[in-house]
Amino acid sequence: MSSQSPSSKRRVILKLSGEALREIGSTDNISPEIVDRMANEVKEAMGSGKVELGIVVGGGNFWRGAAASARGMDRATADYVGMLATVMNALALQGALEHKGVPCVVQSAIEMKNVAETFIRRKAVRHLSEGRVVIFAAGTGSPFFSTDTTAALRASEMSANVVLKATMVDGVYDSDPKKNPDAKRFDRVTFRECITRQFQVMDSTAFSLCMDNHIPIVIFDLQKPGNVAAALMGAEIGTIVDGGD
Ligand code: UDP
């Protein structure tokens with residue numbers, strides 16, 4: 001079976017960081033209201049009939065392996081904790097989507113039969129082509145990676161047209177816009193420049209995988225209402241990262 005989308009739909013991998021599901025300043029790791037808003041935007045985009053959608057969720061609202069490791073914990077163990085955290089986010093998102101009538105499957109890279117399907121590439125492709133949203137949980141299933149890299153990997157495996165990274169900034173800057181008021185924002189930038197200049201908006205493994213597999217990445221601000229739906233439907237927002245040709 002070919003992994004390519006047989007339809008004219010755009011196949012998209014949306015990367016949602018765990019922080020996207022937390023209300024700023026709240027002690028709750030997941031905000032049901034925010035999850036509900038995300039689900040509304042996904043529903044709107046799926047309703048357009050133009051999109052096949054896989055979502056990779058992060059776990060940073062609960063846990064980050066590197067941070068726990070810096071405080072003395074074994075890195076691999078800490079990373080497994082992080083991967084399990086992503087499963088909680090995936091289930092919350094699935095619940096909200098199903099509540100709105102959006103067909104949705106969670107596939108976990110770590111086997112967890114009672115709560116999720118196990119990640120099987122061919123099954124995931126089938127779900128996508130039959131109009132179900134697939135939420136990819138538990139990252140790559142291996143420590144020392146990130147969910148950004150997972151998004152690049154799943155996009156490559158699914159022959160996706162684009163990776164959309166929904167984040168807390170409105171694009172790629174040449175320095176941290178929170179620290180430098182003169183930071184310059186790019187409308188378009190190459191993978192090479194992102195890797196060479198070590199732009200922190202995604203890790204270099206994720207950039208490299210997308211570069212090698214010719215999958216552009218769009219980095220956009222998820223905090224602006226309507227942006228997720230707009231990005232999913234192909235609106236030109238944020239910064240596009242590509243090969244530059
Ligand atoms: N993680 C991992 N392997 C993966 C993906 C994630 O070990 O393939 C772990 C890692 O510890 C990471 C945590 O899961 O810190 C949560 O993922 P991430 O930090 O990417 O989440 P986000 O920042 O997007 O919320």
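Just follow the structure's listing: the first ligand is 1, and inside any ligand the first atom is 1. This one's a predicted model, so the numbers in the text were calculated from it and none came from an experiment. Computation of the quantities below employed the complete heavy-atom set of this structure, encompassing side-chain atoms and omitting hydrogens, waters and symmetry-equivalent molecules.
For T118 and K113, the side-chain atoms include no donor-acceptor pair closer than 3.5 Å. E33 and S31 are linked by a side-chain donor-acceptor pair at a separation below 3.5 angstrom, with hydrogens and angles left out of the test.
Numbered from 1 in the order shown, with element, the atoms of ligand 1 that lie under 4.0 Å from a heavy atom of T150 read 5 (C), 8 (O). Close contacts between ligand 1 and G58 involve ligand atoms 21 (O), 22 (P), 24 (O), 25 (O) [criterion: under 4.0 Å to a heavy atom]. In the vicinity of G60, heavy-atom distances shorter than 4.0 Å reach the ligand 1 atoms 21 (O), 22 (P), 25 (O).
Residue nearest to atom 8 (O) of ligand 1, selected from V57, T140, D148: T140 (by heavy-atom distance). Selection from R64, R75, M202 by nearest heavy atom to atom 23 (O) of ligand 1 gives R64. Relative to atom 3 (N) of ligand 1, the option among A206, P143, S142 with the closest non-hydrogen atom is S142. Distances from atom 15 (O) of ligand 1 to the heavy atoms of G59, G82, G65 show the closest one on G65.
For the pair T147 and ligand 1, the shortest N or O to N or O distance falls below 3.5 Å. Note: no N/O pair closer than 3.5 Å links A66 and ligand 1 by distance alone. In terms of polar-atom proximity, defined here as any N/O pair under 3.5 Å, S17 makes no such contact with ligand 1.
Protein heavy atom in closest approach to atom 24 (O) of ligand 1: K15 NZ, 2.7 Å. Given atom 7 (O) of ligand 1, the protein heavy atom at minimum distance is D79 CB, 3.0 Å. Among all non-hydrogen protein atoms, the one lying nearest atom 5 (C) of ligand 1 is S146 C, 3.4 Å. Counting protein heavy atoms only, atom 2 (C) of ligand 1 is closest to F145 O, 3.1 Å.
Contact annotation: the side chain of V51 never approaches that of K9 to less than 4.5 Å [non-hydrogen atoms, C-beta and beyond].
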Next on the checklist: Determine whether D36 and K100 satisfy the following criterion, salt bridge (Lys or Arg N to Asp or Glu O under 4.0 Å), listing intermediate values before the conclusion.
Outcome noted: CA-CA 9 Å; D36 191 71; K100 292 177 191 305; 2.9 Å; yes
Considering only distance and modelled atom types, tabulate donor-acceptor pairs under 3.5 Å from the side chains of residues 206-215, sequence neighbours left out.
from, atom 1, to, atom 2, distance (Å)
S208, OG, S204, O, 2.8
N213, ND2, S156, OG, 3.2
N213, ND2, L209, O, 2.9

Contacts under 3.5 angstrom, residues 218-226 side chains, donor-acceptor by atom type, not counting sequence neighbours:
from, atom 1, to, atom 2, distance (Å)
D221, OD1, Q223, N, 2.8
D221, OD1, Q223, NE2, 3.4
Q223, NE2, M168, O, 3.1

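Cation-pi geometry between R22 and F62 is not met: the NZ or CZ atom fails to fall both under 6.0 Å from the ring centre and inside 45° of the normal.
The distance between the ring centers of F199 and Y173 does not fall below 6.0 angstrom.
The number of heavy-atom neighbours closer than 6.0 Å to CD of E130, taken from other residues, nucleotides and ligands shown, is above 12. Atom CZ of R75 sits in a crowded spot, with more than 12 heavy atoms from other residues, nucleotides or ligands closer than 6.0 Å.
Using a 4.0 angstrom heavy-atom cutoff, A85 does not count as in contact with ligand 1.
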